[in-house]
Amino acid sequence: DQQVKQNSPSLSVQEGRISILNCDYTNSMFDYFLWYKKYPAEGPTFLISISSIKDKNEDGRFTVFLNKSAKHLSLHIVPSQPGDSAVYFCAAEDQGGKLIFGQGTELSVKP
Amino acid sequence: DTGVSQDPRHKITKRGQNVTFRCDPISEHNRLYWYRQTLGQGPEFLTYFQNEAQLEKSRLLSDRFSAERPKGSFSTLEIQRTEQGDSAMYLCASSSWLRGNEKLFFGSGTQLSVL
């Protein structure tokens, strides 16, 4: 039972354009969401988070949007840079505090 | 802040052997988590500790897996009688848990290959 889903395994974007990564969840009790970025042979690193009391959180080039009624969140990267090429994981915090991750989306930003 | 440290980075073993991994969390963090990741999948929760108490263990975790955090600092994850299906990246993470909405800090992982 996949509670957090990222339905696009990969995304290719031109440098300077917007990257939009999507994530869906099934459990309406989730109220805190995070995005992590992962390079090969390294552990995931925290990127940005959002609480369910907000519908948007922004940090530099990164913005996360939350649509609670649709149980959907998205990560926008503007402008995209080649160094952004990595695997991006969406995660939701459950009631016990552990994170439940999606399958990941591999972003490739081409110069 | 020296970050989360995992040892070894890589482990190759033969099927049926036992392996043990170590994780040193960020020093002031009270929670420690173990995850497993295979190619094309997201990190999958295995177990976690708050201080020295193991609070939850995944139902997917077989009896061959055991984890300890004896003094509430470092943790070990042991896999007995390894199988080829155990081949994966084993990730450790820590956090400073108060009441939720805390981010996890991950180590670089231990890549296990079972031949």
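We name chains A, B, ... by the order of the sequence lines, and we start the count at 1 in each one. Remember, predicted model here, so these are calculated numbers, not experimental data.
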*Asks:* Check whether any side-chain N or O of B:Y35 sits under 3.5 Å from a backbone N or O of A:L99 as a donor-acceptor pair, and report yes or no.
*Replies:* yes

*Asks:* Would you say B:V19 and B:F74 are hydrophobically clustered, going by side-chain heavy atoms of ILVMFWY under 4.5 Å?
*Replies:* no

*Asks:* Between B:F45 and A:F101, does the ring centre distance come in under 6.0 Å?
*Replies:* no

*Asks:* Could you check, using the six-membered ring where one of them is a Trp, whether B:F106 and A:Y36 have ring centers closer than 6.0 angstrom?
*Replies:* yes

*Asks:* Can you say whether A:L34 sits under 4.5 Å from chain B via the side chain, the backbone, both, or neither, judging by heavy atoms?
*Replies:* side chain

*Asks:* Which atoms of A:S49 come close to chain B, meaning under 4.5 Å heavy atom to heavy atom: side chain ones, backbone ones, both, or neither?
*Replies:* neither

*Asks:* Would one find more than 12 heavy atoms of other residues, nucleotides or ligands at under 6.0 Å from atom CD1 of B:I12?
*Replies:* no

*Asks:* Please look at A:E93 and chain B and tell me whether the side chain, the backbone, both or neither of the residue comes under 4.5 angstrom of a heavy atom of that chain.
*Replies:* side chain

*Asks:* Around B:L39, counting heavy atoms of other residues, nucleotides and ligands shown, do more than 12 lie under 6.0 Å from its CG?
*Replies:* no

*Asks:* Report all side-chain donor-acceptor pairs from residues 73-82 of chain A shorter than 3.5 Å, counting only partners two or more places apart or in another chain.
*Replies:*
| from | atom 1 | to | atom 2 | distance (Å) |
| --- | --- | --- | --- | --- |
| A:S74 | OG | A:H76 | NE2 | 3.4 |
| A:S80 | OG | A:R17 | O | 2.8 |
| A:S80 | OG | A:S19 | N | 3.3 |
| A:S80 | OG | A:S19 | OG | 2.6 |
| A:S80 | OG | A:I77 | O | 3.4 |

*Asks:* I need the minimum non-hydrogen distance between A:G43 and B:L91, along with the two atoms involved.
*Replies:* CA-CD2, 4.0 Å

*Asks:* Are more than 12 heavy atoms from other residues, nucleotides or ligands located less than 6.0 Å from atom CZ of B:R15?
*Replies:* no

*Asks:* At a heavy-atom separation under 4.5 Å, does B:E44 approach chain A through its side chain, its backbone, both, or neither?
*Replies:* neither

*Asks:* Hey, does the side chain of B:R9 reach the backbone of A:A41 with a donor-acceptor pair shorter than 3.5 angstrom?
*Replies:* yes

*Asks:* Can you tell which part of B:Q41 gets under 4.5 Å to a heavy atom of chain A, answering side chain, backbone, both or neither?
*Replies:* both

*Asks:* Hydrophobic clusters here meaning ILVMFWY residues chained together by side-chain heavy-atom distances under 4.5 Å, can you tell me if A:L47 and A:L11 are in one?
*Replies:* yes

*Asks:* Relative to chain B, which segment of A:P44 carries a heavy atom at a distance below 4.5 Å: side chain, backbone, both, or neither?
*Replies:* both

*Asks:* More than 12 heavy atoms of other residues, nucleotides or ligands under 6.0 Å from NZ of B:K11: is that the case?
*Replies:* no

*Asks:* Are A:I50 and A:F62 linked, directly or through other ILVMFWY residues, by side chains that come within less than 4.5 angstrom of each other?
*Replies:* yes

*Asks:* For A:K68, does the NZ atom have more than 12 heavy-atom neighbours from other residues, nucleotides or ligands under 6.0 Å away?
*Replies:* yes

*Asks:* For B:L104, is it the side chain, the backbone, both, or neither that has a heavy atom closer than 4.5 Å to a heavy atom of chain A?
*Replies:* both

*Asks:* Between B:Q50, B:R31, B:Q111, which residue shows the highest count of heavy-atom pairs closer than 4.5 Å to chain A?
*Replies:* B:R31

*Asks:* With a sphere of 6.0 Å drawn around CD of B:E78, does it hold more than 12 non-hydrogen atoms of other residues, nucleotides or ligands?
*Replies:* yes

*Asks:* Would you give the length of the straight line joining atom NZ of A:K98 to atom CG of B:L46, rounded to the nearest 0.5 angstrom?
*Replies:* 11.5 Å

*Asks:* Please find the pair of heavy atoms, one from A:Y32 and one from B:E102, that lie closest to each other, and give the distance.
*Replies:* CE2-N, 3.9 Å

*Asks:* Heavy atoms only: give me the nearest B:Y48-A:G96 pair and the separation to one decimal.
*Replies:* OH-O, 3.2 Å

